[in-house]
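Everything numeric here is computed off the predicted structure, so don't read it as measured data. Below, each value reflects all heavy atoms present in this structure, side chains not excepted, and no hydrogens, waters or symmetry copies.
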Amino acid sequence: MTNPLLQTTELPAFGGIRPEHVSPALDELLRDAEVALQRAAGPDVPASYHALSAMLDTAVERLSRVWGTVGHLNQVADTPEWRAAFNDNLPRVTDFYTRLGAHAGLYAKYKAVDADAELLDAAQRRVLRNARRDFVLSGAELAGAARERYLQIQDRLAALGQRFDEHVQDATDAFSLVVGEDRLDGVPDDVRRAARHDAQSRGLEGFVLGLQVPRWMPVMQYATDRELRESLFRAYFTRASELSAPAHDNSALMPELLALRAEAASLLGFASYADLSLATKMAKSPAQVLQFLRDLATRARAQAERDIEEMQRFARRELGIDALMPWDHEFVAERLRQARYAFSEQEVKQYFTAPRVLDGLFRIIETLFEVTISEDRAEVWHDTVRFFRIERHGAMVGQFFLDLYARPGKRPGAWMDHARGRWRRPDRPGQLQTPVANLVCNFAAPVGAQPSLLTHDDVVTLFHEFGHGLHHMLTQVDELAVAGISGVEWDAVELPSQFMENFCWEWPVLSRLSAHVDDGSPLPRELFDRMLAARNFHSALTLLRQVEYALLDMQLHLDPTTHNDVVALARQVRQEVGVVPMPDFNRYTHTFSHIFAGGYSAGYYSYKWAEVLSADAFGAFEENGLFDADTGRRYRREILEVGGSRDAMDSFRAFRGREPSIAALLRHQGIA
């Protein structure tokens, strides 16, 4: 039978791909990629940019695309069979890419390329420069025992990161708590219905509560049962630790991951893994990052302390809670928000149905960036997944899969990854490969005939991920390695995503997104005004929490003495910048997948760094008009279309006409 992973269709044949297809497909793809690597590094291929690309990039891109499909299915449709197929092949895929990046002969070829003689354009020069840099950072200049050890480390890091992520997902999915209706006082009706539906689907009486955020957070915000909140809080913040099921414990993985990263950095001549990480980012040194983070913490601390004191007074006076505990924070904050601004998130949620929000988002993108979005046809991995195309002047520029709803076997969180990138393929002269994105969220799924209701935070998340998607899909760069988000400095990758978040606080936008679930009425202006007044409710606390995570990340990768007690360093950082005591059982570190299993190791600061850029970029729309055609066109051309083909700072200057300023970020967050 034909292996669907090897079909030459433009899109993955998701309807037919099975775990048993993975190993045979990779047998062929790895063999072809290995042949291409040896030929490219051998004497028959000249040291020419175009010759190397024609020989090597086609085989490697095909391997990357198929392996990306396998990894994607492992994240969104996890089963024991898929997990086994992924993990069985992870070592040999990792081994190939590690050897590719460290291949001395290929590195020598790239060093010998004469860019002037080949008259490379700016994007191609950028690719060549990045390739030479990345060979060095991948160990191409190492030899002997150092080289072998470096390769071993990369294989082990890949396996550990995958296991860390699996433990988080398994610990999240494994927990359930069955309760009676008497314990759900205050919990919103839609959450109750979903919990009841889960119980019935398992043949149980009562209501099933879990740790997936769309189910967990409303209970923490609204349940009057304090013991229930404590139980769910403790379960959530002890996931994947020594305080929960041993099979899911990440305690031993973290120090090993950190030690191996430090060793790899040392082999490459860096003082720490933090220094190695910053070699490809905008920030110049760990010291600069630490200063940036601590400056933000200093600016926010006084306001955060006032917010906590106000919560404590309100809890005592209005709720009879004498000692504010961590499992009370969301509940008290929500009650205080309601008292101060006379609305609740539950009230707002009734106006944001997923279909209406999605339609409004599409119309905004079409207006801002002069494109059209329409439903398209493709095989999908779940019956709730949809597929769309983006066109400009009748020509397709990109497509995307949209997977909105939480379900068992799906990794928590929200993300964008690419099914394929834009590329003027050397193996098909004249043919342009257009980009395809996977946009994934974990919103509460529809129950029965009622559509999914989104919190305003969910709306912000959707806009955020579409910002990433637009960066990937609207690129006009034809070189795969710097098209879209590829080649963009990691601490600038969040600029387009955080930029889109700002639109979620504008009346002309929200009025297009809203329609009450019962009668279709739009969001009342007076309710929006109250939401806007509450926009910066506890913004300083939120900022400090992000600074705390970023400081922990940077210090873990800077100081090897912290590796064996990550929890102790987390407490130390909380004492330095936090204003809310951390309970002794808190193990948020054990589910910190961004830094232990994702791409944010020694880079979590990027969220705040890029937020400075994104807030300042949005300032241009505040100055010129929210839907100003010229401003939208300039943003598209100078930020989105150029992708990674030039320095992110050069792109920002080209759009804004100056260096970025922190003023817009502080203004947006209401921090003086």
Side-chain angles (χ1 to χ4, degrees), residues 188 190 214 217-218 221 334 337-338 340-369 371 373 402 404 414 439 441 443-444 446 450-470 496-539 542 611 614-615 617-629 631-632 635 664-665 667-670:
D190 63 309
M217 181 57 77
Q221 288 178 304
E334 181 58 30
R337 186 193 346 255
Q338 293 178 29
R340 182 186 294 176
Y341 303 107
F343 80 91
S344 69
E345 286 193 4
Q346 181 63 19
E347 177 187 3
V348 171
K349 186 164 72 169
Q350 305 305 308
Y351 290 94
F352 293 122
T353 64
R356 176 74 175 192
V357 171
L358 198 61
D359 182 70
L361 170 60
F362 288 175
R363 303 295 82 80
I364 290 162
I365 292 170
E366 290 176 334
T367 301
L368 280 174
F369 304 125
V371 297
I373 302 175
L402 185 63
L404 290 180
L439 292 161
C441 298
F443 303 145
Q450 185 181 76
S452 173
L453 301 180
L454 307 186
T455 67
H456 186 256
D457 283 345
D458 289 338
V459 175
V460 172
T461 296
L462 183 62
F463 272 63
H464 178 104
E465 298 308 332
F466 260 91
H468 283 309
L470 293 170
S497 55
Q498 293 174 337
F499 166 83
M500 288 297 295
E501 292 183 21
N502 292 285
F503 288 96
C504 299
W505 292 102
E506 299 291 336
W507 173 246
V509 172
L510 288 193
S511 61
R512 299 185 187 193
L513 303 181
S514 62
H516 197 280
V517 64
D518 293 330
D519 59 20
S521 58
L523 182 75
R525 178 60 194 249
E526 56 87 19
L527 177 54
F528 167 76
D529 289 338
R530 283 181 274 144
M531 291 171 58
L532 192 61
R535 176 182 182 180
N536 293 320
F537 180 70
H538 290 177
S539 62
T542 301
E611 200 169 351
S614 63
F618 187 74
F621 289 83
E622 293 176 311
E623 295 160 11
N624 300 324
L626 202 59
F627 300 113
D628 180 69
T631 308
Y635 177 83
L665 171 63
R667 173 169 53 81
H668 286 173
Q669 298 196 347

Non-hydrogen side-chain atoms of Leu523 and Leu513 separated by less than 4.5 Å: no
For Arg535, give me all partners under salt bridge (charged side-chain N to carboxylate O under 4.0 Å, His left out), at least two apart in sequence or on another chain. none
With sequence neighbours excluded, tell me which residues meet ring pair (Phe, Tyr, Trp, His ring centres under 6.0 Å) with His464. His468
All side chain to side chain donor-acceptor pair (under 3.5 Å) counterparts of Asn536, not counting sequence neighbours: none
With sequence neighbours excluded, what pairs up with Asp628 under the side-chain contact (heavy atoms from CB on, under 4.5 Å) test? Asn624, Asp630, Thr631
What's the separation between atom CZ in Phe463 and atom CZ in Phe503, rounded to the nearest 0.5 Å? 8.5 Å
Could you measure the distance from the CZ atom of Phe537 to the CE atom of Met531? Nearest 0.5 Å is fine. 14.0 Å
As an exercise, state the distance from CG of Asn502 to CG of Leu626, rounded to the nearest 0.5 Å. 9.5 Å
Considering non-hydrogen atoms only, spot the tightest contact between Thr353 and Ala515 and give its length. CG2-O, 4.0 Å
Show every side chain to side chain donor-acceptor pair (under 3.5 Å) that has at least one partner inside residues 508-519, sequence neighbours left out. Asp519-Ser521
Please identify each residue that fulfils salt bridge (charged side-chain N to carboxylate O under 4.0 Å, His left out) with Asp529, with sequence neighbours left out. Arg525
Check whether any side-chain N or O of Gln498 sits under 3.5 Å from a backbone N or O of Glu611 as a donor-acceptor pair, and report yes or no. yes
Would you please name every residue forming a side-chain contact (heavy atoms from CB on, under 4.5 Å) with Ala444, sequence neighbours left out? Pro214
Using 0.5 Å steps for rounding, measure from the CZ atom of Arg363 to the CZ atom of Phe627. 12.5 Å
Residue pairs passing the salt bridge (Lys or Arg N to Asp or Glu O under 4.0 Å) test where at least one lies in residues 455-468, sequence neighbours excluded: none
Within this structure, what is the CG-CD1 distance for the pair Leu470 and Ile365, rounded to the nearest 0.5 Å? 4.5 Å
Once ring pair (Phe, Tyr, Trp, His ring centres under 6.0 Å) is applied, do any residues pair with His456, and if so which ones, sequence neighbours excluded? Trp505
Under 3.5 Å, is there a donor-acceptor pair linking the side chains of His668 and Glu622? yes
So which pairs with a foot in residues 342-358 pass salt bridge (Lys or Arg N to Asp or Glu O under 4.0 Å), sequence neighbours left out? Asp190-Lys349, Arg337-Glu345
Which atom of Gly467 lies closest to which atom of Met500, heavy atoms considered: CA-CG, 3.6 Å
Return the set of residues passing ring pair (Phe, Tyr, Trp, His ring centres under 6.0 Å) with Phe343 (not counting sequence neighbours), or none when no residue passes. none
With sequence neighbours left out, write down each residue that passes side-chain contact (heavy atoms from CB on, under 4.5 Å) with Ser452, or none if nothing qualifies. Ala354, Tyr405, Phe443, Pro446, Leu454
Looking only at the aromatic ring of each residue, does the gap between the centers of Phe499 and Phe621 stay below 6.0 angstrom? yes
Spatial distance of atom CG (Leu361) from atom CD1 (Ile373) [nearest 0.5 Å]: 6.5 Å
Taking the side chain as everything from C-beta on, heavy atoms only, tell me whether Phe466 gets closer than 4.5 Å to Phe362. yes
All heavy atoms of Pro522 vs all of Tyr351, minimum pair found to be O-CE2, 3.5 Å
